Novice: 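I have a structure I would like to understand better, so I am pasting it below and will then ask my questions one at a time.
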Number of protein chains: 2
Amino acid sequence: MKKPAKPGPPGKIKIMTAFSLLMETKDFQSITTAEIAGNAGVTEGLIYKYFTDKKDLLHQVLHQHFAAFQAGIETGIQEKQTCIGKLEAIILASLDSYARNRVLARILLLEVRNSLSYYESGAYAMVKTYARTILDIIREGMETGELRPDMDPFLLQKVILGAIEHTCLKQVIFDKKMDVAAAAGGIVDIIFNGVKHHGCH
Amino acid sequence: MKKPAKPGPPGKIKIMTAFSLLMETKDFQSITTAEIAGNAGVTEGLIYKYFTDKKDLLHQVLHQHFAAFQAGIETGIQEKQTCIGKLEAIILASLDSYARNRVLARILLLEVRNSLSYYESGAYAMVKTYARTILDIIREGMETGELRPDMDPFLLQKVILGAIEHTCLKQVIFDKKMDVAAAAGGIVDIIFNGVKHHGCH
DNA sequence: AACCAAAGGTGAGTAAAACTTACTTACAAA
DNA sequence: TTTGTAAGTAAGTTTTACTCACCTTTGGTT
């Protein structure tokens with residue numbers, strides 16, 4: 001588990017912002033350390049003063065972006081009273097964050113998951129906390145009777161996370177725009193009300 | 001768009017199987033061309049006779065695995081009459097395939113998505129067909145009245161795909177086992193019936 | 001003010017791995 | 001037999017992530 005990446009010395013900041021900028025147009029693999037250093041206005045060697053790895057740099061940049069992401073989520077659900085309201089808020093806020101911050105989305109959904117070291121990084125720890133928040137809300141909802149008590153909360157958590165991520169995927173990969181509000185509303189409707197058509201009302 | 005990878009000459013087959021075997025224990029990045037060639041019993045140069053890239057090799061191996069995957073799906077839904085039944089079958093078969101074939105799952109869910117070339121590969125074309133199958137079933141269900149007509153079929157498609165993928169993710173990454181039948185049943189229940197608790201029945 | 005340790009930063013160098021290229025061998029058709 | 005093509009080899013080359021020994025600046029202590 002790496003350290004949470006404090007703001008740090010100017011060189012480190014320059015490296016991280018340069019890398020983050022490059023990630024807007026290129027994928028991780030095709031960004032070279034020389035390119036990063038060049039754009040940051042530092043030498044290649046400095047990268048390895050602050051980051052153990054090229055991947056560590058990726059993880060720390062993700063950590064930074066995700067911190068803002070999670071802050072946005074938490075303020076979004078504070079005012080909501082019902083569990084369903086909270087989950088709606090999380091889904092909307094998540095989609096919105098991914099849509100607004102393509103770099104965050106690209107790193108998180110496409111770039112980090114393949115390497116084992118990510119799962120030992122501080123960034124992943126934050127993601128786990130985020131996922132845990134959703135799980136806790138679900139459990140609470142099942143206890144209060146807002147949500148059906150006869151289901152696996154883990155599974156609902158996965159369905160929600162999967163729905164959020166897969167909804168963004170195409171937009172992230174092909175750089176398209178998306179109607180965040182409509183998507184969020186649709187997902188909420190599908191998951192909460194179900195898609196089976198029946199006369200019951 | 002690369003060619004669909006015919007069986008091909010012995011050297012090509014040896015390379016693909018050696019690589020596929022290596023993918024069971026290591027991630028793409030840490031597998032070297034020397035290692036592949038060594039395990040295949042050929043020279044490194046031969047890889048580049050049949051594959052433009054190391055990534056092209058990855059894509060062609062994925063293509064091969066996915067062909068079997070899709071064949072399994074199609075036979076699984078043939079007998080089903082209702083759209084819901086078909087979707088259930090697809091969800092179950094998908095989870096089952098991923099659980100049975102870790103290499104397929106790892107490549108598809110973790111390794112290929114970061115590179116642009118994947119989206120021009122034959123493997124991705126197959127994935128699109130698979131996704132399209134789901135979409136078609138949804139549309140049919142909305143027309144026949146099995147599924148609610150007041151929703152975005154694309155969104156339901158994404159929710160289903162996301163649910164399937166995210167359910168497998170942890171198991172694939174950390175090599176855990178999962179109760180496929182239970183997971184499939186749970187997902188189906190959540191998506192079709194919804195998770196909101198209400199007295200209506 | 002003088003000092004010094006530590007942090008910030010440099011630049012040349014290394015090793016490894018992906019990819020190239022010029023070449024050889026098998027082999028079927030004309 | 002000749003010939004043309006596909007299969008395969010072996011020895012490079014280049015790129016790129018990473019290292020290491022060395023400067024430079026800074027700030028706290030005596």
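Model, not experiment: these values are computed from the prediction. Just so it is clear: chains get the letters A, B, ... in the order the sequence lines come, proteins before strands, and each one is counted from 1.
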Novice: Considering only side-chain heavy atoms of A:Lys49, which listed nucleotide, D:dT9, C:dT10, C:dA18, is closest?
Specialist: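 Ranking D:dT9, C:dT10, C:dA18 by closest atom to the A:Lys49 side chain puts C:dT10 first.
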Novice: What integer distance in Å separates A:Ile31:CD1 from D:dT15:P?
Specialist: 19 Å
Novice: At under 4.0 Å, does any side-chain N or O of A:Thr33 touch on OP1 or OP2 of D:dT16?
Specialist: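 No, outside the criterion.
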Novice: Does the ring of A:Phe28 carry A:Lys54 above it, NZ/CZ under 6.0 angstrom from centre and within 45° of its axis?
Specialist: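 Output yes; distance and angle both within limits.
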Novice: Any base atoms under 4.0 Å from B:Thr32, or only sugar-phosphate, or nothing? Heavy atoms, all strands.
Specialist: sugar-phosphate
Novice: Between B:Leu46 (CG) and D:dA6 (P), how many Å, whole number?
Specialist: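 About 14 Å, once rounded to whole Å.
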Novice: So what does A:Gly45 touch, heavy atoms closer than 4.0 Å: a base, only the sugar-phosphate, or nothing?
Specialist: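 Counting heavy atoms under 4.0 Å across all strands, the contact made by A:Gly45 includes a base.
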Novice: Output the rounded distance in Å from CD1 (A:Ile15) to C1' (C:dG8).
Specialist: 11 Å
Novice: Rounded to whole Å, please give me the gap between CZ in B:Phe28 and P in C:dA18.
Specialist: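 Atom CZ in B:Phe28 sits about 8 Å away from atom P in C:dA18.
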Novice: For B:Lys54 and C:dC19, what is the distance between atoms NZ and P respectively, to the nearest whole Å?
Specialist: 8 Å
Novice: Compare every heavy atom of B:Gly194 with every heavy atom of A:Arg148, then report the nearest pair and how far apart it is.
Specialist: NH1-O, 2.7 Å
Novice: Compare side-chain N and O positions of B:Tyr50 against OP1 and OP2 of D:dG8 and report whether any pair is under 4.0 Å apart.
Specialist: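 Answer yes for this pair, as a side-chain N or O of B:Tyr50 is under 4.0 Å from OP1 or OP2.
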Novice: Between P on C:dT10 and CD on A:Glu44, what's the gap in Å once rounded to a whole number?
Specialist: 12 Å
Novice: Does B:Lys55, at its NZ atom, have more than 12 non-hydrogen atoms belonging to other residues, nucleotides or ligands within less than 6.0 Å?
Specialist: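 Yes - once you tally the heavy atoms of other residues, nucleotides and ligands closer than 6.0 Å, there are more than 12.
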Novice: Does a side-chain N or O of A:Tyr48 approach OP1 or OP2 of D:dC18 to a distance below 4.0 Å, or not?
Specialist: yes
Novice: Rounding to an integer number of Å, can you tell me how far A:Leu57 CG sits from D:dT16 P?
Specialist: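 Distance, rounded to whole Å: 17 Å.
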Novice: Do we get A:Arg113 above A:Tyr124's six-membered ring, with its NZ or CZ under 6.0 Å from the centre and within 45° of the axis?
Specialist: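 Not flagged: A:Arg113 not positioned over aromatic ring of A:Tyr124.
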Novice: Do you know the tightest heavy-atom contact between B:Leu155 and A:Ala182?
Specialist: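 Minimum heavy-atom contact is CD2-O, 4.3 Å.
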Novice: Within this structure, what is the CZ-to-C1' distance between B:Phe51 and D:dG8, rounded to whole angstrom?
Specialist: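 It works out to 14 Å between those atoms.
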